[in-house]
*Asks:* 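Take a look at the following structure, please.
What you see is a predicted model; the values in this text were computed from it and never measured. By convention in this document, chain letters (A, B, ...) are assigned in the order of the sequence lines, proteins followed by strands, and residues within each chain are numbered from 1.
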There are 2 protein chains.
Amino acid sequence: MTDKRDNANSGTGPVTQADVARFANVSTATVSRVLNGSSLVRPKVRETVEQAIAQLGYVPNEGARALARRRSNTLGAIIPTLNNAMFAAGMNAFEEEARQNGYGLFISVSNYDAAQESFLIRQMIERGVEGLLLVGNTRMDEARDLLQQSAMRHVCAWAYDPAAGAPNVGFDNAKAMYDLVDHVVDCGYRKIAMLAAMQAGNDRAQQRVQGVRARLAHHGLKLHAFAETRYSVQWAKKAVVRILSSGADAIICGNDVIAYGVLSSVKAKALTVPRDIAVVGFDDLPLSADLDPALTTVRVPAHQMGQRAALELLNAIEEDRDVRGYQLETHLVIRDSTMQL
Amino acid sequence: MTDKRDNANSGTGPVTQADVARFANVSTATVSRVLNGSSLVRPKVRETVEQAIAQLGYVPNEGARALARRRSNTLGAIIPTLNNAMFAAGMNAFEEEARQNGYGLFISVSNYDAAQESFLIRQMIERGVEGLLLVGNTRMDEARDLLQQSAMRHVCAWAYDPAAGAPNVGFDNAKAMYDLVDHVVDCGYRKIAMLAAMQAGNDRAQQRVQGVRARLAHHGLKLHAFAETRYSVQWAKKAVVRILSSGADAIICGNDVIAYGVLSSVKAKALTVPRDIAVVGFDDLPLSADLDPALTTVRVPAHQMGQRAALELLNAIEEDRDVRGYQLETHLVIRDSTMQL
DNA sequence: GTGAAAGCGCTAACAC
DNA sequence: GTGTTAGCGCTTTCAC
């Protein structure tokens, strides 16, 4: 590396475009042009400027650029938490897709708190993000107003509800459960219970419960037992106790993590899965295939969802139009925690 | 909600401070003052302005504010991936701490690619983040130069090496392994092997290997077998085969996910843990306590690390000084995958 | 207390 | 092709 803080810019603070212009003996407009790859710059001049930039170690100020262009080249994302492999995986893909298209990512977690989400939406607007990823379709009116008044382009991921009125990029949580219920019923289980994730303010959890109930009804059945639990193996272990004593012969879990807890409790009770009781999850975390027994579950395309969400946002921005939704498919993965009775 | 797009701001684009000023019949300076809670504004005037703001549905432009104040109120983070529960948990805590202090978070993933990390560091500087979280101490000279020339405040998390020359917020990966090795040796295992995470460009993985080797030497032992594997249960299952056929009686894994794969392969070989062979992990993922057998591992304070990293950055910014490091402690968690022989 | 004016670092017309 | 001139929307002296 060469030494920084050469001549020019004798003052304090970072090197600016003006410093470069002075040093290269051109106008700031020209510097700006080479920076933005304008073709109307003589090669000779371009080179001079580039040298000046290297010499001075100039780093453009993207904030100022954003202000002048009125484009931030930034996407935002507000998710409930990063402590959930599905959201984390989705965000990883979202960020990669955004970056590959020259966009940065501003991220916030709402802790499943609608008021907090509204607050964060406002901040995202203040920060000038050009597109926003939100999770689910349940939110405060205030949030909707904010989104609408600012004409903020956004996608609501992890759900797909044509009636939602917001562009969804995700899958139909209720419908995904149909496949699972059909499978369990086909296997011959009849005393089917469910241990769901907390439904309050979480439309994905609600939809899954509703999907199970609806499909069960379609088969002329109803939930043998029902309970909710927080998102953790430990909580699930406790929460399933009551269901177990109800004599259920199958337990549909709101997600894989809950299923892990259920599996653990079931084993502790000396019941064998899937002979005595079936256990199914939702998400298909990487680990689920390696459990003993391997978990029958629903594969959720988290990576694809994050990527798609970014793409929909980016295309809408690019083409200066409204965001379109995109429906993703889930896929039933039959493994060893269910069996043909 | 009241109707937006009232009178004033007849033009296009969002409502600006100037619109509010015009509407409230004051200067933009005054609007700015009420926005920033300046005490030198008459209550009466303040109220008028606040009403105008509400009326017009004005949302401040944080970008412009940042330009004028030369403070972005934004922190940045560049991590290898979000597809790792430890990083995700750390980022969750980092974001929360940042937000609680009025800072937003700009995030990027480098995919364990040093060149990519350098590129991203540059972007973070361009975006004007006031502090940056990086992972580990291994990076390109180019990255160091960038950091130094821009005088970017930063912390290198997930490691603690007093000799690193960069402010670390984390723990000593090598030393953490000492405890684990001591425990395994104390138990009576002697043919100790290691299945590490990929070391290339990953100083945390390297340190763990080195820690194991050093402590083994201290006990007059050496690695019975050694292999590396990618971060996934599946890869670990395959990678451990060779180690298993070496006749090792204990396997130290680079992290918990690897241990999961090892546990799975060991069982498939009809060996019983911990009687025939011990298996230990590193991280203490939430699931590790619920495995069968429950995994002996090292608890890594990911949440605390993220929070601390944010705090150190924030304090340094606040007090306008260099970032200080902070050493966190790991904790050996003895469970059922090791036993006194 | 409040307003006028001068920027923050950049881009985008518009001249030349 | 290149320079000049206005801003982008905000904060911040500095007068009054």
Side-chain angles (χ1 to χ4, degrees), chain A residues 8-9 11-50 52-53 56-74 125-130 150, chain B residues 8-9 11-50 52-53 56-74 125-130 150:
Chain A
N9 185 261
T12 180
V15 182
T16 77
Q17 206 181 70
D19 295 323
V20 176
R22 211 168 302 132
F23 189 88
N25 209 26
V26 296
S27 68
T28 61
T30 298
V31 178
S32 175
R33 288 191 186 101
V34 343
L35 247 44
N36 293 293
S38 163
S39 55
L40 359 97
V41 181
R42 227 175 333 135
K44 183 79 180 172
V45 176
R46 169 181 302 282
E47 201 182 336
T48 314
V49 172
E50 278 166 349
I53 288 175
L56 301 177
Y58 166 68
V59 177
N61 179 327
E62 180 65 28
R65 184 161 186 261
L67 184 57
R69 302 183 54 213
R70 261 156 300 189
R71 304 280 316 283
S72 65
N73 269 240
T74 301
I125 297 171
E126 294 182 355
R127 299 264 179 188
V129 302
E130 295 184 47
S150 63
Chain B
N9 186 261
T12 180
V15 181
T16 77
Q17 205 181 72
D19 295 322
V20 175
R22 211 167 302 130
F23 190 87
N25 209 27
V26 295
S27 68
T28 61
T30 297
V31 177
S32 176
R33 290 191 186 102
V34 342
L35 246 43
N36 293 293
S38 164
S39 55
L40 358 98
V41 181
R42 227 173 336 133
K44 183 80 179 172
V45 177
R46 170 180 302 281
E47 200 181 338
T48 314
V49 172
E50 278 167 349
I53 289 175
L56 301 175
Y58 165 68
V59 178
N61 179 328
E62 181 65 30
R65 183 160 188 262
L67 184 57
R69 303 184 54 212
R70 263 156 298 190
R71 308 272 266 91
S72 66
N73 270 240
T74 300
I125 297 171
E126 293 182 355
R127 300 266 180 186
V129 303
E130 296 183 46
S150 63

*Asks:* As a test of understanding, state which of B:N25, B:V20, B:D19 forms a side-chain contact (heavy atoms from CB on, under 4.5 Å) with B:R22.
*Replies:* B:D19
*Asks:* Rounding to a whole Å, what distance do you find between B:R69:CZ and C:dC8:P?
*Replies:* 16 Å
*Asks:* Counting heavy atoms from C-beta on, name the nucleotide in D:dG7, D:dT2, C:dA13 closest to the side chain of A:L40.
*Replies:* D:dT2
*Asks:* When you measure from the side-chain N and O atoms of B:N36 to the phosphate of D:dT11, is any distance below 4.0 Å, counting only OP1 and OP2?
*Replies:* yes
*Asks:* For B:I53 and D:dG9, what is the distance between atoms CD1 and C1' respectively, to the nearest whole Å?
*Replies:* 14 Å
*Asks:* Specify the residue among B:T28 and A:E62 whose closest nucleotide of DNA chain C lies further upstream toward the 5′ end.
*Replies:* B:T28
*Asks:* Please report, rounded to the nearest Å, how far the C1' atom of C:dA12 is from the CD atom of A:Q17.
*Replies:* 12 Å
*Asks:* Applying side-chain contact (heavy atoms from CB on, under 4.5 Å), run through A:S72 and A:R127 and close with a yes or a no.
*Replies:* CA-CA 9 Å; A:S72 65; A:R127 299 264 179 188; over 6 Å; no
*Asks:* Would you mind reading off the distance between A:N73 atom CG and C:dC10 atom P, rounded to a whole angstrom?
*Replies:* 15 Å
*Asks:* Checking all strands, does B:V45 fall into the base, sugar-phosphate, or nothing category for heavy-atom contacts under 4.0 angstrom?
*Replies:* sugar-phosphate
*Asks:* Would you kindly give the CG-to-P distance between B:L67 and C:dA6, to the nearest whole Å?
*Replies:* 18 Å
*Asks:* Would you say A:L67 and B:N61 make side-chain contact, with heavy atoms under 4.5 Å?
*Replies:* yes
*Asks:* Within the 4.5 Å heavy-atom criterion, are A:V15 and A:F23 side-chain neighbours or not?
*Replies:* no
*Asks:* Would you say the base of C:dG9 and the side-chain of B:R70 have a donor-acceptor pair closer than 3.5 Å?
*Replies:* no
*Asks:* Taking only the side-chain heavy atoms of A:A64 (C-beta and beyond), determine which of C:dT2, C:dG9, D:dG3 contains the nearest atom.
*Replies:* C:dG9
*Asks:* What verdict does the side-chain contact (heavy atoms from CB on, under 4.5 Å) test give for B:V26 and B:V49, after you've listed the backbone C-alpha separation in whole Å, the side-chain angles of each residue and the deciding distance to 0.1 Å?
*Replies:* CA-CA 8 Å; B:V26 295; B:V49 172; 4.0 Å; yes
*Asks:* For D:dG3, does the base pair up with any side-chain atom of A:R33 as donor and acceptor (N or O, under 3.5 Å, distance only)?
*Replies:* yes
*Asks:* Does a side-chain N or O of B:R65 approach OP1 or OP2 of D:dT11 to a distance below 4.0 Å, or not?
*Replies:* yes
*Asks:* Under 4.0 Å from OP1 or OP2 of D:dT2: is there any side-chain N or O of A:S27 that close?
*Replies:* no
*Asks:* Can you tell me if the side-chain N/O atoms of A:R42 get under 4.0 Å from OP1 or OP2 in D:dT2?
*Replies:* yes
*Asks:* Rounded off to whole Å, could you give me the CG-to-C1' distance for the A:N61 and C:dG7 pair?
*Replies:* 14 Å
*Asks:* Quick one: is D:dC10 close enough that its OP1 or OP2 comes under 4.0 Å of any side-chain N or O from B:S32?
*Replies:* no
*Asks:* Once you round it to whole Å, what is the distance between P of C:dC8 and CD of B:E126?
*Replies:* 20 Å
*Asks:* Quick one: is D:dG9 close enough that its OP1 or OP2 comes under 4.0 Å of any side-chain N or O from B:T16?
*Replies:* no
*Asks:* How close or far is atom C1' of D:dG1 from atom CD of A:E47, stated in whole angstroms?
*Replies:* 17 Å
